[in-house]
Each structure stands twice: as C-alpha cells, then as structure tokens.
Amino acid sequence: MRQPAADWVRIPDLEHDPHASLARLRAATPVAWVPALSAWYVTSHPLVVAAMRDDEGLTVDDPRFSTGRITGPSMLSTDGAEHARHRGPFARPFRLDAIRARFTDAAEAEVATLAAAIAPRGTADLRTTVAAPLAARMMLQALGLEAAAADVLDWYARIVDAVTRITAGEDVPADGRAAYAALGDAIRTSLADDDGSSLLAAALVDASGLTEDELIANAAVLLFGGIETTEGMVVNLLHHLLLEPGLVQQAAADEALLDGAIEESLRLEPAAAVLDRYATSDLEVGGVAVPQGDLVVLSLAAANRDPAVFADPDRFDPRRPNARTHTAFATGPHVCLGMHLARLEARAAVRGLVAALPGLRARPDADDAPRGLVFRKPPAVSAVWG
C-alpha cells in the first residue's frame with residue numbers, strides 16, 4: 001500500500017458532495033494515495049498549480065488517457081513540443097478579441113431565442129432548456145457543423161459514453177469508434193464546404209503542420225470541452241446566483257458584479273473537478289514519493305477551496321477579491337483554450353434570461369445541488385418567473 005493512504009475515501013462521497021472529504025484530505029496531507037481510485041490525489045492550491053505547470057514530471061501523454069484512446073493524439077493528450085504543434089493553430093482564433101468579435105452577437109441571439117421559447121411557461125429547468133442547447137449550438141457554429149447538428153450531438157453522446165466506459169476500465173467500445181468515425185466524416189465535409197467563417201477554418205490558416213486526422217482529433221476535443229464544461233459552467237453560475245433572491249437581477253445590471261460572480265462560481269464549483277496526470281519518473285510531489293507511471297489526480301475542486309488561499313472558502317461571494325486565482329480553467333501548457341468563449345456565453349445567459357423572464361428566481365422546492373465525480377453540475381436548475 002502506498003503511503004500516505006486515505007482508504008476512507010469513497011467514490012460516492014466524491015460524486016455527490018466531495019468538499020468535506022477533500023477538506024479532510026487536504027488537512028491531513030495535501031498528497032494522498034486514494035485506493036478507491038488507484039490514484040494520488042493532490043488537494044492544495046499551490047501544489048495543484050505547480051503540477052499543472054510541470055509537463056515533464058507529470059504528463060497527459062500516456063496510453064491509459066481515456067479520450068486519447070478514442071481520438072488519437074491531440075492537444076489534450078500530448079505534451080511538450082508535440083502539444084505545441086497540436087495546439088498552436090487554434091491559439092489565434094481563440095484569442096479574446098477574436099472570440100468577442102465573432103461570437104458576442106451570436107451568443108446573445110441564441111439566449112434570446114431559447115428564453116423566448118420558455119417564457120410563456122412560467123417555469124423551466126434552465127439546464128436542459130438554456131445552458132445545454134446554448135453550449136451545443138455555439139460549438140456547432142464555431143466548428144461549422146450546424147448542418148449536421150442532430151447527428152453530431154448523437155455522436156457526441158456516444159463518444160462521451162465510450163470515454164466514461166474506458167475510464168471505468170472497459171475496452172474501447174465499437175459504438176464509440178463508429179461515432180468518432182462519423183464525426184470525422186462530418187468535419188471533413190464541413191471543412192470542404194466552409195466559407196471561412198468557422199473557428200476551424202480560421203485554424204486551418206496555421207495548421208500546415210497537422211495531418212487531416214490530427215485536425216479532426218483536435219476539433220473533436222474542442223467540441224467535447226466546449227459542450228460539456230461550458231454547459232456545466234453556465235448551469236453552476238445560474239444555480240449560485242439563484243440561491244440568493246434578487247442576486248441574478250443585480251448581476252445582470254452590474255458588469256463588475258456579473259464578472260465577479262462568474263469567477264466565484266468557477267472557483268466554488270468548477271465544471272471539471274479533476275485533471276489526470278501520469279508520473280513520468282519517480283518523483284516527489286509535496287514531499288510525498290510518487291512512483292513512475294502512477295496516476296496523479298489534480299483536484300481543482302479542492303484547490304479552489306483551499307483556506308490558505310481563499311478566506312471562508314465554502315461561501316459564494318461574488319465580490320471576492322481573489323476569486324480569479326481559481327484553477328477552473330487550468331494553467332500552464334494546458335490552460336483552457338475555450339475560456340473566453342465560455343465566459344462570453346455565461347454573461348449572455350445571465351443577461352438574456354433576466355431580460356426575457358421578469359422576476360426570475362429559484363423554484364422554492366428545488367433540490368439542485370451540483371454532483372459528479374469528474375464533471376460537476378446540478379442535474380437541473382429549477383426556476384420560476386412572472
């Protein structure tokens with residue numbers, strides 16, 4: 001048994017309400033072997049940040065990396081010069097100024113359309129009616145895949161299921177391979193027909209060093225991240241704002257407060273709670289010996305509630321002065337490429353919903369606590385208005 005070991009940690013606890021367990025882990029030792037996950041868990045903010053910046057000692061480039069077993073090499077599953085080769089073509093079109101110019105009007109229009117569709121009801125689950133379709137439609141637009149929207153979302157769901165099954169120890173399912181192949185064909189068609197308006201077309205300008213298969217793998221990775229984590233980010237933000245009566249309206253009317261609420265929500269409940277790394281050699285992490293090849297799980301959820309960095313860390317405070325030092329978008333070589341688009345969608349969602357749904361508030365009987373081992377969000381955000 002590797003030491004120090006935390007054999008009291010249970011997966012159901014980490015899935016439903018992990019924060020008490022993570023705080024206990026961090027207080028005992030910020031690096032601990034968790035037998036239930038066959039992994040080292042890193043829970044302090046400084047150590048998580050340092051680990052994300054160390055792509056030599058801790059790598060994603062490992063044959064066990066689940067997404068890579070479906071897509072092959074991509075910016076998500078490579079490090080060093082190879083990672084730079086995969087990621088480089090997408091850096092320019094994902095800059096803040098480029099994202100704002102390309103997507104501000106589109107995001108606001110999507111939210112207005114989605115809000116208008118539910119306005120007559122007086123009540124709805126804002127996850128399934130707004131956050132999920134918003135994230136999906138924006139990524140389909142970004143990648144020029146609107147024409148095949150229904151099929152793409154079906155393939156996406158099947159690929160996500162395949163990755164989940166691989167993570168649970170199963171072999172790569174044939175259905176997942178077939179869905180990924182179909183998605184690749186759709187991306188090839190999109191590239192052939194693109195008028196230059198999509199982010200994928202913009203990336204092609206700098207993509208001479210990528211093969212077609214590599215370009216498709218990176219587009220698929222962007223699709224997964226842009227849908228799953230952006231939906232979670234928007235849902236978590238709405239959940240937090242609706243907990244306090246009137247706060248969502250205040251945030252919609254105050255740009256600084258809204259920006260603060262976005263960062264604080266990311267801190268308190270990051271949509272991706274953990275990142276996986278593998279030790280490239282025997283190394284020391286936080287004074288603990290980690291053998292070569294071991295899985296090292298970086299807990300963003302724990303780092304973001306480290307009391308050594310964030311005062312009263314379990315409280316949602318949209319005016320918290322250092323909220324932006326959260327780890328939700330990672331840091332180092334793998335810092336999230338889509339963070340500007342995700343923030344843009346979150347702002348558009350809050351402002352558009354408040355404008356279209358007067359008196360927007362949480363449904364009093366709702367129980368919408370976030371949950372999930374890897375990706376955390378409420379199963380629903382139950383709201384009423386009028």
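Quick note: numbers below take in every heavy atom, side chains included, and nothing from hydrogens, waters or symmetry partners. Not measured: the values here are computed from a predicted model.
- Residue Leu344 comes nearest to Ala107 through the heavy atom pair CD2-CB, 3.4 Å, listed as atom of the first residue, atom of the second, then distance.
- Around CD of Glu15, the count of heavy atoms belonging to other residues, nucleotides or ligands within 6.0 Å exceeds 12.
- Considering only heavy atoms from C-beta on, His240 stays 4.5 Å or farther from Glu264 through its side chain.
- Atom OG1 in Thr280 sits 10.5 Å away from atom CG in Asp61 (nearest 0.5 Å).
- One side chain, Thr327 or Asn304, offers a donor N or O that lies under 3.5 Å from an acceptor on the other.
- No more than 12 heavy atoms of other residues, nucleotides or ligands shown are found within 6.0 angstrom of CD on Glu255.
- Aromatic ring pairs are classed by plane angle as parallel below 30°, tilted from 30° to 60° and perpendicular above 60°; the pair Trp40 and Trp33 is perpendicular.
- Here salt bridge (Lys or Arg N to Asp or Glu O under 4.0 Å) pairs that include residues 322-351, with residues two or more places apart or in two chains, are Asp259-Arg347, Glu263-Arg324, Glu263-Arg343.
- Between Asp175 and Asp161, every side-chain heavy-atom pair lies at or beyond the 4.5 Å cut-off.
- No donor-acceptor contact under 3.5 angstrom links the side chains of Arg100 and His340, judged on distance only.
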Test salt bridge (Lys or Arg N to Asp or Glu O under 4.0 Å) applied to Arg319 and Asp317, step by step: CA-CA 5 Å; Arg319 294 181 175 83; Asp317 178 6; 5.8 Å; no
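- Taking CG of Leu266 as the start and CG of Asn236 as the end, the distance is 8.5 Å to the nearest 0.5 Å.
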May I have the step-by-step check of salt bridge (Lys or Arg N to Asp or Glu O under 4.0 Å) for Asp213 and Arg188, ending in yes or no? CA-CA 10 Å; Asp213 285 346; Arg188 289 185 182 90; 3.1 Å; yes
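- For Phe65 against Ser77, the heavy-atom pair with the smallest separation is CD2-CB, 3.8 Å.
- Taking both residues in full, the closest heavy atoms of Leu143 and Ala219 are given as CD1-O, 3.6 Å, listed atom of the first, atom of the second, then distance.
- Classification of Arg363 and Asp365 as a salt-bridged pair holds, one side-chain N sitting under 4.0 Å from a carboxylate O.
- Checking Asn218 against His86 by side-chain atom types alone, a donor-acceptor pair falls below 3.5 Å.
- A cation-pi arrangement is found for Arg267 relative to Phe310, the charged atom lying closer than 6.0 Å to the ring centre and inside a 45° cone about the ring normal.
- Here the closest non-hydrogen pair linking Gly57 and Leu283 is O-CD1, 4.0 Å.
- Between Arg277 and the options Thr59, Asp54, Val60, a side chain to side chain contact (heavy atoms under 4.5 Å, CB included) holds for only Val60.
- Under the 4.5 Å side-chain contact rule for hydrophobic residues, Tyr41 and Val374 share a cluster.
- Counting all heavy atoms, side chain and backbone alike, Leu114 lies closest to Thr129 at CD2-O, 3.6 Å.
- Partners of Ala39 under the side-chain contact (heavy atoms from CB on, under 4.5 Å) rule, at least two apart in sequence or in another chain, are Leu37, Leu295, Val297.
- Taking the ring axis of Trp8 as reference, the NZ or CZ atom of Arg24 stays within 45° of it and closer than 6.0 Å to the ring centre.
- Across every non-hydrogen atom of Ile227 and Ala136, the tightest pair is CG1-CA, 3.9 Å.
- A 4.5 Å side-chain heavy-atom check between Val42 and Ser299 finds every atom pair outside the cut-off.
- For His334 and His83, the distance between ring centers is under 6.0 angstrom.
- Taking the charged nitrogens against the carboxylate oxygens, Asp312 and Arg315 do have a contact shorter than 4.0 Å, which makes a salt bridge.
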